[in-house]
Amino acid sequence: MTLFVAKLIWGLGCIAYYIIRYPHQRRARKTPVADRRERIREQTLMAISYTGLFVVPLIYVLTDQPKFADYAFHPVRAWLGTFILIAGMALLHRTHRDLGRAWSITLEVRQQHALVTRGIYEKLRHPMYASFWLWAISQALLLPNWIAGLSGIVGFGTLFFARVGHEERMMLETFGDEYRAYMARTYRLIPGIY
Ligand code: SAH
């Protein structure tokens with residue numbers, strides 16, 4: 001494993017993300033929305049996350065900037081990052097399959113929105129966000145640069161912590177006791193821990 005290969009793997013991760021998400025994004029455009037929350041706030045959080053997970057690392061991969069933040073490349077870290085990236089993309093694929101038409105890129109409730117509590121959602125409430133955490137961690141392991149490596153964790157972390165409580169409140173308002181009972185028997189991201 002060389003730095004060049006690690007950068008290439010990071011790029012392949014981005015391509016995998018688009019391939020996994022594309023059919024769901026197309027279908028989502030055609031699925032009517034019943035309730036849309038905090039549009040400006042949501043768009044801002046999405047922009048912060050996109051900048052951290054994509055724009056900043058892309059600049060680094062293409063131009064090697066910002067050079068002052070570089071540290072030594074280590075192949076073992078990059079291999080670990082590769083496995084975590086593959087796990088993250090597999091999880092992203094699985095969550096899209098289980099969530100189906102209920103998926104939205106922002107906080108929205110669809111018309112005829114069914115609460116999903118099966119498949120991977122049986123144990124976790126936010127497995128798709130877990131897959132983004134894995135992606136952000138893999139970025140930190142693949143790119144040996146304090147800014148480009150950590151920007152995904154900062155960017156996605158901002159979106160996650162600002163959104164997750166609002167999302168659960170929206171689900172409680174929409175599904176009431178059904179979601180309350182679901183919350184009582186599930187964890188947010190890590191089974192048994194959080
Ligand atoms: N937070 C979830 C889903 C992310 S997509 C995860 O990380 O896996 C965000 C949208 O999914 C929200 O707008 C909400 O409408 C919908 N959603 C979240 N949890 C859901 C569930 N258990 N069943 C159905 N829809 C859900």
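What you see below is based on every heavy atom in this structure, not just the backbone, and it leaves out hydrogens, waters and symmetry mates.
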**Student:** Under a 4.5 Å side-chain heavy-atom rule over Ile, Leu, Val, Met, Phe, Trp and Tyr, are V164 and I48 clustered together?
**Tutor:**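 No: no chain of side-chain contacts under 4.5 Å links V164 to I48.
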**Student:** Search all heavy atoms of I105 against all heavy atoms of Q25 and return the closest pair with its distance.
**Tutor:**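 The answer is CD1-NE2, 3.6 Å.
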**Student:** What residues form a side-chain hydrogen bond (donor to acceptor under 3.5 Å, both in side chains) with H126, not counting sequence neighbours?
**Tutor:**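 Testing H126 for side-chain hydrogen bond (donor to acceptor under 3.5 Å, both in side chains), a comparison that skips the adjacent residues, returns E168.
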**Student:** Kindly state whether the ring of Y182 and the ring of Y179 have centres lying under 6.0 angstrom apart.
**Tutor:**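 Ring centres of Y179 and Y182 closer than 6.0 Å.
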**Student:** Is there a side-chain contact between H113 and D35 (heavy atoms, below 4.5 Å)?
**Tutor:**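 Heavy-atom side-chain distance check fails, nothing below 4.5 Å.
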**Student:** So which atom in G52 and which in S151 form the shortest heavy-atom distance, rounded to 0.1 Å?
**Tutor:**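 Closest pair (atom of G52, atom of S151, distance): O-OG, 2.7 Å.
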**Student:** Got a sec: does the CD1 of I40 have more than 12 other heavy atoms crowding it under 6.0 Å?
**Tutor:**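 Open: at most 12 neighbouring heavy atoms sit under 6.0 Å from CD1 of I40.
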**Student:** Can you name the closest pair of heavy atoms from D98 and V116 and give their distance?
**Tutor:**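 Residues D98 and V116, closest heavy atoms: O-CG1, 3.5 Å.
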**Student:** Which residues pass the side chain to side chain contact (heavy atoms under 4.5 Å, CB included) test with L3, not counting sequence neighbours?
**Tutor:**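 Side chain to side chain contact (heavy atoms under 4.5 Å, CB included) list for L3, sorted by chain: K7, Y60, F73, P144.
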**Student:** Applying salt bridge (Lys or Arg N to Asp or Glu O under 4.0 Å), name anything that partners E42, two or more places apart in sequence or on another chain.
**Tutor:**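 Partners of E42 under the salt bridge (Lys or Arg N to Asp or Glu O under 4.0 Å) test: R163.
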**Student:** Assign the ring pair F160 / Y129 to parallel, tilted or perpendicular, where the plane angle (0 to 90°) is split at 30° and 60°.
**Tutor:**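 Rings of F160 and Y129: perpendicular, as their planes differ by over 60°.
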**Student:** Could you tell me the separation between the CZ atom of F156 and the OG atom of S131, rounded to the nearest 0.5 Å?
**Tutor:**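 Going from the CZ atom of F156 to the OG atom of S131 covers 7.5 Å.
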**Student:** Verify the neighbour count for atom CD of Q112: are there more than 12 heavy atoms of other residues, nucleotides or ligands below 6.0 Å?
**Tutor:**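 Open.
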**Student:** Quick check on Y22: does its OH atom have over 12 non-hydrogen neighbours (other residues, nucleotides or ligands) under 6.0 Å away?
**Tutor:**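 For Y22, atom OH is not crowded (no more than 12 foreign heavy atoms under 6.0 Å).
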**Student:** First locate atom CD1 of I9, then atom CZ of F83, and finally report the distance between them rounded to the nearest 0.5 Å.
**Tutor:**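 The distance works out to 9.5 Å.
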**Student:** Distance-only, no hydrogens or angles: does the S104 side chain make a donor-acceptor pair with backbone N or O of L107 under 3.5 Å?
**Tutor:**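 A pair under 3.5 Å: no.
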**Student:** Using modelled atom types and a 3.5 Å cut-off, is there a donor and acceptor pairing between side-chain atoms of T95 and backbone atoms of L91?
**Tutor:**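 Judged by distance alone, yes, a pair lies under 3.5 Å.
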**Student:** Can you name the residues that form a salt bridge (Lys or Arg N to Asp or Glu O under 4.0 Å) with R180, not counting sequence neighbours?
**Tutor:**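 If we apply the salt bridge (Lys or Arg N to Asp or Glu O under 4.0 Å) test to R180, skipping adjacent residues, the hits are D177.
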**Student:** Once you measure the plane-to-plane angle for H24 and H96, does it fall in the parallel (<30°), tilted (30-60°) or perpendicular (>60°) bin?
**Tutor:**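 Parallel.
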**Student:** Say you draw a straight line from CD1 of I59 to CG of D64; how long is it, rounded to the nearest 0.5 Å?
**Tutor:**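 Separation between the atoms: 12.5 Å.
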**Student:** Check whether any side-chain N or O of Q139 sits under 3.5 Å from a backbone N or O of A148 as a donor-acceptor pair, and report yes or no.
**Tutor:**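 Checking the backbone N and O of A148 against the side chain of Q139, a donor-acceptor pair under 3.5 Å is found.
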**Student:** So, do Y121 and T186 sit near enough that their side-chain heavy atoms are less than 4.5 Å apart?
**Tutor:**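 A side-chain contact is absent here, since even the closest heavy-atom pair is not under 4.5 Å.
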**Student:** Using salt bridge (Lys or Arg N to Asp or Glu O under 4.0 Å) as the criterion, list what pairs up with R101, not counting sequence neighbours.
**Tutor:**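 R101: no salt bridge (Lys or Arg N to Asp or Glu O under 4.0 Å) contacts found.
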**Student:** Distance alone, cut at 3.5 Å: any donor-acceptor contact between the side chains of T106 and R36?
**Tutor:**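 Checked: T106/R36 side chains show no N/O donor-acceptor pair below 3.5 Å.
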**Student:** Can you tell me how far apart CZ (R94) and CG (L99) are? Round to the nearest 0.5 Å.
**Tutor:**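 With rounding to 0.5 Å, CZ (R94) is 12.0 Å from CG (L99).
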**Student:** I would like to know whether M183 and L172 meet side chain to side chain contact (heavy atoms under 4.5 Å, CB included); could you show each step before the answer?
**Tutor:** CA-CA 9 Å; M183 281 179 93; L172 279 169; 4.1 Å; yes
**Student:** If two hydrophobic side chains count as joined below 4.5 Å and joins carry through other members, does Y71 share a cluster with V5?
**Tutor:**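 Same cluster: Y71 reaches V5 through Ile, Leu, Val, Met, Phe, Trp or Tyr contacts under 4.5 Å.
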**Student:** Looking only at side-chain N and O atoms, does T117 offer a donor or acceptor that is under 3.5 Å from a partner on E178?
**Tutor:**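 Side-chain D/A pair, E178 to T117: absent.
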**Student:** Output, in order, the C-alpha distance, side-chain angles, deciding distance and verdict of side chain to side chain contact (heavy atoms under 4.5 Å, CB included) for Y187 and I193.
**Tutor:** CA-CA 7 Å; Y187 287 88; I193 296 174; 5.8 Å; no
**Student:** Using every non-hydrogen atom in the two residues, find where T82 and L142 come nearest and quote the distance to one decimal.
**Tutor:**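 What the structure gives for the nearest pair is OG1-CD2, 3.8 Å.
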**Student:** May I ask whether V154 and V56 are part of the same hydrophobic cluster, defined by side-chain heavy atoms of I, L, V, M, F, W, Y residues being less than 4.5 angstrom apart, directly or through others?
**Tutor:**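 Unlinked, V154 and V56 end up in two clusters.
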**Student:** Please report the shortest heavy-atom distance between P66 and N145, naming the atom on each side.
**Tutor:**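 Nearest heavy atoms, P66 then N145: O-ND2, 2.9 Å.
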**Student:** Would one find more than 12 heavy atoms of other residues, nucleotides or ligands at under 6.0 Å from atom CZ of F4?
**Tutor:**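 Check fails, neighbour count at 12 or below.
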**Student:** OG1 of T158 to CD1 of I153: how many Å apart, nearest 0.5 Å?
**Tutor:**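 So the OG1 of T158 and the CD1 of I153 are separated by 11.5 Å.
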**Student:** Does atom NE2 of H93 have more than 12 heavy-atom neighbours from other groups under 6.0 Å away?
**Tutor:**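 Count not over threshold, so no.
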**Student:** Just do the side chain to side chain contact (heavy atoms under 4.5 Å, CB included) check on H166 and R41 with the steps written out, would you?
**Tutor:** CA-CA 11 Å; H166 290 239; R41 186 180 189 273; 3.3 Å; yes
**Student:** Are M171 and M128 linked, directly or through intermediate hydrophobic residues, by side-chain heavy-atom contacts shorter than 4.5 Å (ILVMFWY only)?
**Tutor:**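 Same cluster.
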**Student:** What are the two closest non-hydrogen atoms of L85 and S138, and how far apart are they?
**Tutor:**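 Looks like CD1-OG, 3.5 Å.
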**Student:** Count the heavy atoms of every other residue, nucleotide or ligand shown that sit under 6.0 Å from CZ of R39, and state whether that count exceeds 12.
**Tutor:**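 For R39, atom CZ is not crowded (no more than 12 foreign heavy atoms under 6.0 Å).
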**Student:** Starting at CZ of R37, measure out to OG1 of T174 and round the result to the nearest 0.5 Å.
**Tutor:**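 The distance works out to 5.5 Å.
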**Student:** Would a single hydrophobic cluster contain both I190 and L124, if residues Ile, Leu, Val, Met, Phe, Trp and Tyr are joined by side-chain heavy-atom contacts under 4.5 Å?
**Tutor:**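 No, because L124 and I190 fall into different hydrophobic clusters, even though each may have its own neighbours under 4.5 Å.
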**Student:** Under the salt bridge (Lys or Arg N to Asp or Glu O under 4.0 Å) test, which residues partner R185, sequence neighbours left out?
**Tutor:**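 Applying salt bridge (Lys or Arg N to Asp or Glu O under 4.0 Å) to R185 gives none.
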**Student:** Could you walk me through whether L92 and F132 pass the side chain to side chain contact (heavy atoms under 4.5 Å, CB included) check?
**Tutor:** CA-CA 8 Å; L92 181 71; F132 277 85; 3.8 Å; yes
